[in-house]
Enquirer: 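This is the structure I have questions about; it appears just below.
The structure presented is a predicted model; accordingly, all values stated were derived computationally and were not measured.
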Amino acid sequence: MKSKFLLFLLPVLGWVSCEKYGGPRGPKLYVLDSYISLFVDSDGVYAEARSGFYVDEENKLISAGADAVHADKVYSAGDGILFQITLGRTGISDDKFDPRRELYLQTIDEIGDHGYNKEVYDFVKPVAASAIIVPVKTLRITADKAYDATHPAGTNLADYFTVFYDDAYSFVQNGYQPLAGTYDRVTKDDVPHFFRKSPLAGVDLSQKPYIGDLLYCHLTTNPAAADTFTFTISVTFANDETYTSTTKPVNLNAE
């Protein structure tokens, strides 16, 4: 009876060991040589209007708690209204089955992104950071109605937005050290993402290579009159491909 119990116990102990130390049934240890694990192609854009975005006292971007805007609520710029913009759709990675793997490896070599050596436990190989492979040439935000006397419907509203963009390239060039004057956003794997802040009207994103594929455009000014607005985000990449995305209606208070 004792021998049968031991035979039963050994597989159980083996399973527990696998779970704890990263065996086939548990999370595995991955060592990420490169910070940028994924490049994203210039083949789309998706924008979502959200509320509750803010920067805390430690200069960390708090976007995880941001909620999608609701049709039955009225918002103002002080409610942390932002457009969360995802650039591109198709990834280019180090995966051996990726048909463009050589492009990934070539770009990583050109950037010099070797030696990050981040240890991460996960069930699948994680993505430390993702970056667009083609720079953004222009980013326009327009509304379907007049925002104020100087911004009729369809006018670029860049003057009323601040953009936060993930400066992945500069982090690599800085030897994987924190970037001064940036805002940190930590992921579940404690992988740092350093976002730069700039007035949307004053930044030339075409001169920012390999930024992250996620942008936050934060509304800073209320409209002249309360109304319900639908916003369109238009992104043109350096290869002159243009994509647009329209938000759900947003109810805004007057200034």
Enquirer: Less than 4.5 Å apart, side chain to side chain, heavy atoms only: is that true for T86 and V45?
Expert: no
Enquirer: Going by the rule ring pair (Phe, Tyr, Trp, His ring centres under 6.0 Å), which residues pair with F194 if we only count those two or more places apart in sequence or in a different chain?
Expert: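 Testing F194 for ring pair (Phe, Tyr, Trp, His ring centres under 6.0 Å), a comparison that skips the adjacent residues, returns F171.
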Enquirer: In Å and rounded to the nearest 0.5 Å, what is the CD1 to CD distance from I233 to Q84?
Expert: 11.5 Å
Enquirer: Side-chain heavy atoms nearer than 4.5 Å, only ILVMFWY residues, links allowed to pass through others: does that put Y46 and V136 together?
Expert: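 No; tracing contacts between hydrophobic side chains, which count when under 4.5 Å, never links both residues.
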Enquirer: Centre-to-centre under 6.0 Å for F161 and F83, is that the case here?
Expert: yes
Enquirer: Does a side-chain heavy-atom distance below 4.5 Å link P223 with F229?
Expert: yes
Enquirer: To the nearest 0.5 Å, what is the distance between OH (Y160) and CG (N222)?
Expert: 11.0 Å
Enquirer: Would you tell me whether Q106 and E110 have side-chain atoms, one donor and one acceptor, within less than 3.5 Å of each other?
Expert: yes
Enquirer: Walk me through it: do L214 and I85 pass the test side-chain contact (heavy atoms from CB on, under 4.5 Å)?
Expert: CA-CA 6 Å; L214 188 64; I85 302 171; over 6 Å; no
Enquirer: If we ignore hydrogens and angles and just use 3.5 Å, is the side chain of H151 paired with the main-chain N or O of A143 as donor and acceptor?
Expert: no
Enquirer: With K248, which residues qualify under side-chain hydrogen bond (donor to acceptor under 3.5 Å, both in side chains), at least two apart?
Expert: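 Not a single residue meets the side-chain hydrogen bond (donor to acceptor under 3.5 Å, both in side chains) criterion with K248.
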Enquirer: Contact between L32 and E119 at the side-chain level, heavy atoms closer than 4.5 Å - yes or no?
Expert: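 They are not in contact (no side-chain heavy atoms under 4.5 Å apart), so the answer is no.
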Enquirer: Under a 3.5 Å distance rule, please check whether D79 uses its side chain to pair with a backbone N or O of I81 as donor and acceptor.
Expert: no
Enquirer: Between Y147 (side chain) and T221 (backbone), is there a donor-acceptor pair under 3.5 Å?
Expert: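 Judged by distance alone, yes, a pair lies under 3.5 Å.
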Enquirer: If I take atom OG1 from residue T142 and atom CG from residue N156, how far apart are they, to the nearest 0.5 angstrom?
Expert: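 Interatomic distance, T142 OG1 to N156 CG, rounded to 0.5 Å: 7.5 Å.
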Enquirer: Are F195 and T182 side-chain neighbours, meaning at least one heavy-atom pair lies under 4.5 Å?
Expert: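 Contact flag for F195/T182 side chains = no.
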Enquirer: Step by step, would you call D41 with R100 a side-chain contact (heavy atoms from CB on, under 4.5 Å)?
Expert: CA-CA 11 Å; D41 214 343; R100 293 190 291 175; 2.8 Å; yes
Enquirer: Does a salt bridge link D33 with K118, judged by any charged N lying under 4.0 Å from a carboxylate O?
Expert: no
Enquirer: Are any non-hydrogen side-chain atoms of Y216 and D166 less than 4.5 angstrom apart?
Expert: no
Enquirer: Counting C-beta onward and ignoring hydrogens, is there a side-chain heavy-atom pair between C217 and I141 closer than 4.5 Å?
Expert: yes
Enquirer: How long is the gap from OG on S42 to CG on L87, to the nearest 0.5 Å?
Expert: 10.0 Å
Enquirer: With distance as the sole criterion, is a donor-acceptor pair present between the side chains of D213 and S130 under 3.5 Å?
Expert: yes
Enquirer: List the steps, then state whether side-chain contact (heavy atoms from CB on, under 4.5 Å) holds for R140 with L157.
Expert: CA-CA 7 Å; R140 288 172 50 88; L157 298 174; over 6 Å; no
Enquirer: Using modelled atom types only, decide if a donor and an acceptor are shared between the side chain of D43 and the backbone of T90 within a distance under 3.5 Å.
Expert: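 Pair found, side chain donor or acceptor close to backbone of T90.
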Enquirer: Quick one, T162 and L200 - any side-chain contact, counting heavy atoms below 4.5 Å?
Expert: no
Enquirer: Using the side chain to side chain donor-acceptor pair (under 3.5 Å) rule, take D113 and Y176 through it: C-alpha gap first, then chi angles, then the decisive distance, then the call.
Expert: CA-CA 9 Å; D113 187 4; Y176 310 113; 2.6 Å; yes
Enquirer: Before we go on, tell me: are the rings of Y104 and F39 under 6.0 Å apart, centre to centre?
Expert: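 Under 6.0 Å, so yes.
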Enquirer: Taking atom OG of S234 and atom CG of L139, what is their separation to the nearest 0.5 Å?
Expert: 8.0 Å
Enquirer: Using side-chain heavy atoms (C-beta onward) and a distance below 4.5 Å, is Y75 in contact with V69?
Expert: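 With C-beta onward as the side chain, the pair touches.
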Enquirer: Is it the case that one hydrophobic cluster holds both L105 and I92, taking links as side-chain heavy atoms less than 4.5 Å apart, direct or via other members?
Expert: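 Looking at the clustering, I92 is in the same group as L105.
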Enquirer: Looking just at side-chain N and O atoms, do T228 and N251 make a donor-acceptor pair shorter than 3.5 Å?
Expert: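 Side chains of T228 and N251: pair found under 3.5 Å.
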Enquirer: To the nearest 0.5 Å, what is the distance between CG (L38) and CD1 (I132)?
Expert: 12.5 Å
Enquirer: Could you please spell out the steps behind the salt bridge (Lys or Arg N to Asp or Glu O under 4.0 Å) verdict for K208 and D167?
Expert: CA-CA 8 Å; K208 311 295 181 184; D167 199 351; over 6 Å; no
Enquirer: Enumerate the salt bridge (Lys or Arg N to Asp or Glu O under 4.0 Å) contacts for residues 229-245, please, sequence neighbours excluded, ordered by first and then second residue.
Expert: K137-D240
Enquirer: Taking the six-membered ring for Trp, is the centroid-to-centroid distance between Y210 and Y169 below 6.0 Å?
Expert: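 Yes, ring centres under 6.0 Å apart.
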Enquirer: For H114 and D109, does a side-chain donor sit closer than 3.5 Å to a side-chain acceptor?
Expert: yes
Enquirer: Quick one: does S37's side chain have a donor or acceptor within less than 3.5 Å of a partner on A128's backbone?
Expert: yes
Enquirer: If we count only N and O atoms by modelled type, under 3.5 Å, do the side chains of D95 and S93 hold a donor and an acceptor together?
Expert: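 No, no side-chain donor-acceptor contact under 3.5 Å.
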